[in-house]
Peer 1: 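I am attaching a structure below and will ask some questions about it afterwards.
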Amino acid sequence: MTPYRKIEGAKLSVNKKRRAWLLVAVLIVATVILSGCAIPQGTIDLNNPPGAWERFIVYPLAQLLMALHTFIDNLGVPYSWGWAIIVFTVLVKIVTLPLTLKQLQSTKAQQAVQPRLREIQEKYGKDRQKLAEEQMKLYKEAGINPMGGCLPLLVQLPILWGLYQALYVLANPSIGELQNARFFWIPDLSFPSLQVGTSWIGEAFSANNWGMLITYFSLPVLMLLTQMLVQKMAQPAKVAGQQQDSQARMMNQMMFFMPIMFAWITLGLPSGLTLYWTVSNLLAVIQQYFVTGWGGLADWFPFLRKG
């Protein structure tokens, strides 16, 4: 094995590890961000932001949501706050569409090279250095960036954080816009509040308030299911008898661990944010289908496989 091959193989191994650790970092950062850090509290004046983040991100998002709500409400549409959040979600998807398409095209390219990748794994499975070198060469030829799929997630984190804070701003008693805003079976899109967090779960269990539990568990469960659909569609369909390598198995486990963690986090967040997240996932499923097809979702639902 030449030193060059060893270096190239090591680079690919490092890239895979970086991608795995990046996903872990995203999960940790999102957990910290969504845990209640720097939430505007007390009396809020939308015309007097306390800092640059509020001036350019949080308060403009709150004012945009208020404008969308007013417009929809003036049309006589019921549940106007919920629809305002949905329209906002669609606008975010439109703005980030170029980046999303680039990510989906990268995903499609990764799916397309899977047959060649399996051939390489079968041929060089016992020689890890040569295997890593050939995989890296294949990715370069196909123009695939193994880290490309993480960028849209990183871009949307500030939007999630900003929207998260904006919803708390709108639910603040000094603003009072989102409080008791119903959306179909959800009686209050501002619940749970920052003060309540996930404590409502234990209280509802103790009181046998199953209606409340079902109501406010429903959106996090829908978010979890739609997120798992998105993640599975991004993976290539398995080939009968094909074994995944250890790194691929680790990535798959991590990609399914994240939605479960996020679903738990949303149980302590305003339902309006979970509504945004769920609708965003549904739109992502549609986008992904038209670019990459069903992908690995055919593993769960064999009837989706092409005949």
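Atom set for the values below is all heavy atoms of this structure, side chains included, hydrogens, waters and symmetry mates excluded.
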Peer 1: Using side-chain heavy atoms (C-beta onward) and a distance below 4.5 Å, is Phe88 in contact with Lys93?
Peer 2: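 No, their side chains stay 4.5 Å or more apart.
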
Peer 1: Search all heavy atoms of Leu189 against all heavy atoms of Ile85 and return the closest pair with its distance.
Peer 2: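 Closest heavy-atom pair between Leu189 and Ile85: CD1-CD1, 4.3 Å.
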
Peer 1: If you draw a 6.0 Å radius around CZ in Phe290, do more than 12 non-hydrogen atoms from other residues or ligands fall strictly inside?
Peer 2: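 Counting neighbours around CZ of Phe290, 12 or fewer heavy atoms of other residues, nucleotides or ligands fall under 6.0 Å, so no.
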
Peer 1: Is the shortest heavy-atom distance from the side chain of His69 to the side chain of Leu178 under 4.5 Å?
Peer 2: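 A side-chain contact is absent here, since even the closest heavy-atom pair is not under 4.5 Å.
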
Peer 1: Taking atom CG of Leu267 and atom CH2 of Trp200, what is their separation to the nearest 0.5 Å?
Peer 2: 6.0 Å

Peer 1: Using a strict cut-off of less than 4.0 Å between a Lys/Arg side-chain nitrogen and an Asp/Glu carboxylate oxygen, indicate whether Lys232 and Asp299 qualify as a salt bridge.
Peer 2: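 Yes.
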
Peer 1: Determine whether a donor-acceptor pair (N or O, by modelled atom type, separation under 3.5 Å) exists between the side chain of Ser174 and the backbone of Ile44.
Peer 2: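 The answer is yes, because a donor-acceptor pair under 3.5 Å joins these two groups.
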
Peer 1: Please give me the minimum heavy-atom distance between Ala171 and Ser190, naming the atom from each residue.
Peer 2: CB-CB, 3.6 Å

Peer 1: Hey, are Thr215 and Trp185 close enough side-chain-wise for a donor-acceptor pair under 3.5 Å?
Peer 2: no

Peer 1: When the ring planes of Trp277 and Phe262 are compared, do they come out parallel, tilted or perpendicular, using 30° and 60° as the limits?
Peer 2: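 Trp277 and Phe262: tilted rings.
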
Peer 1: Which atom pair, heavy atoms only, marks the closest approach of Asn47 to Gln63?
Peer 2: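 Minimum heavy-atom contact is OD1-NE2, 4.3 Å.
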
Peer 1: For the backbone of Asn180 and the side chain of Asp188, can you confirm whether one donor and one acceptor N or O come within less than 3.5 Å of each other?
Peer 2: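 Checking the backbone N and O of Asn180 against the side chain of Asp188, a donor-acceptor pair under 3.5 Å is found.
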
Peer 1: Say whether, by atom type as modelled, one donor and one acceptor occur between the side chain of Thr70 and the main chain of Met66 under 3.5 angstrom.
Peer 2: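 Such a contact is found between Thr70 side chain and Met66 backbone.
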
Peer 1: Would the distance check show the side chain of Ser199 and the main-chain N or O of Val196 forming a donor-acceptor pair, the cut-off being under 3.5 Å?
Peer 2: yes

Peer 1: Is there a donor-acceptor pair under 3.5 Å between the side chain of Thr266 and the backbone N or O of Leu269?
Peer 2: no

Peer 1: Which distance, rounded to the nearest 0.5 Å, do you find between the OG1 of Thr226 and the CD of Gln231?
Peer 2: 10.0 Å

Peer 1: Would you give the length of the straight line joining atom CG of Asn209 to atom CD1 of Ile201, rounded to the nearest 0.5 angstrom?
Peer 2: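 Atom-to-atom, Asn209:CG and Ile201:CD1 are 12.5 Å apart.
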
Peer 1: Find out if a path of hydrophobic residues (ILVMFWY) with successive side-chain heavy-atom gaps under 4.5 Å connects Val90 to Val87.
Peer 2: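 Val90 clusters together with Val87.
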
Peer 1: Determine the interplanar angle of the Trp83 and Phe183 rings, folded into 0 to 90°, and report it as parallel if under 30°, tilted if 30 to 60°, perpendicular if over 60°.
Peer 2: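 Perpendicular.
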
Peer 1: Distance from Leu275 atom CG to Phe184 atom CZ, nearest 0.5 Å?
Peer 2: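 With rounding to 0.5 Å, CG (Leu275) is 10.0 Å from CZ (Phe184).
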
Peer 1: Please tell me if the side chains of Asn208 and Trp210 come closer than 4.5 Å, counting only heavy atoms from C-beta onward.
Peer 2: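 In contact.
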
Peer 1: Give the minimum heavy-atom separation between Leu224 and Ile260, together with the two atoms involved.
Peer 2: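 The answer is CD1-N, 3.7 Å.
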
Peer 1: Roughly how far, to the nearest 0.5 Å, is OG of Ser80 from CZ of Arg182?
Peer 2: 13.0 Å

Peer 1: Treating Ile, Leu, Val, Met, Phe, Trp and Tyr as nodes and any side-chain heavy-atom pair under 4.5 angstrom as an edge, say whether Leu304 and Met233 lie in one connected cluster.
Peer 2: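 They do share one cluster, since a chain of ILVMFWY contacts under 4.5 Å joins Leu304 to Met233.
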
Peer 1: Kindly indicate whether the side chain of Ile72, heavy atoms from C-beta on, has any atom under 4.5 Å from the side chain of Trp81.
Peer 2: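 Sidechains of Trp81 and Ile72: no contact.
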
Peer 1: Over all heavy atoms of both residues, which pair between Gly268 and Tyr168 is shortest? Give the atoms and the distance, please.
Peer 2: O-OH, 3.8 Å

Peer 1: About how many Å separate OG of Ser280 and CG of Leu163, when rounded to the nearest 0.5 Å?
Peer 2: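 OG of Ser280 is found 10.5 Å from CG of Leu163.
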
Peer 1: Any side-chain heavy-atom pair from Gln165 and Trp53 closer than 4.5 angstrom?
Peer 2: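 Yes, at least one pair of side-chain atoms sits under 4.5 Å.
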
Peer 1: For the rings on Phe301 and Trp294, is their centre-to-centre separation under 6.0 Å?
Peer 2: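 When the ring centroids of Phe301 and Trp294 are compared, they turn out to be at least 6.0 Å apart.
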
Peer 1: With a 3.5 Å distance limit and no angle check, can you tell me whether Ser271 reaches the backbone of Phe191 through a side-chain donor-acceptor pair?
Peer 2: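 Yes, the answer is positive, given that a donor and an acceptor are paired below the 3.5 Å cut-off.
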
Peer 1: I'd like to check Leu167 versus Leu65 (side-chain heavy atoms, cut-off strictly below 4.5 Å). Are they in contact?
Peer 2: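 Answer yes - side chains close enough.
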
Peer 1: For Tyr59 and Leu46, which heavy atoms make the closest approach, and how far apart are they?
Peer 2: CD2-O, 3.5 Å

Peer 1: Could you check Leu222 against Asn281 for side chain to side chain contact (heavy atoms under 4.5 Å, CB included), going step by step and ending with a plain yes or no?
Peer 2: CA-CA 10 Å; Leu222 287 173; Asn281 286 340; over 6 Å; no

Peer 1: Counting only N and O atoms by type, is there a donor-acceptor contact under 3.5 Å from the side chain of Gln288 to the main-chain atoms of Val230?
Peer 2: yes

Peer 1: Is a side-chain N or O of Trp264 found less than 3.5 angstrom from the main chain of Pro259, in a donor-acceptor match?
Peer 2: no

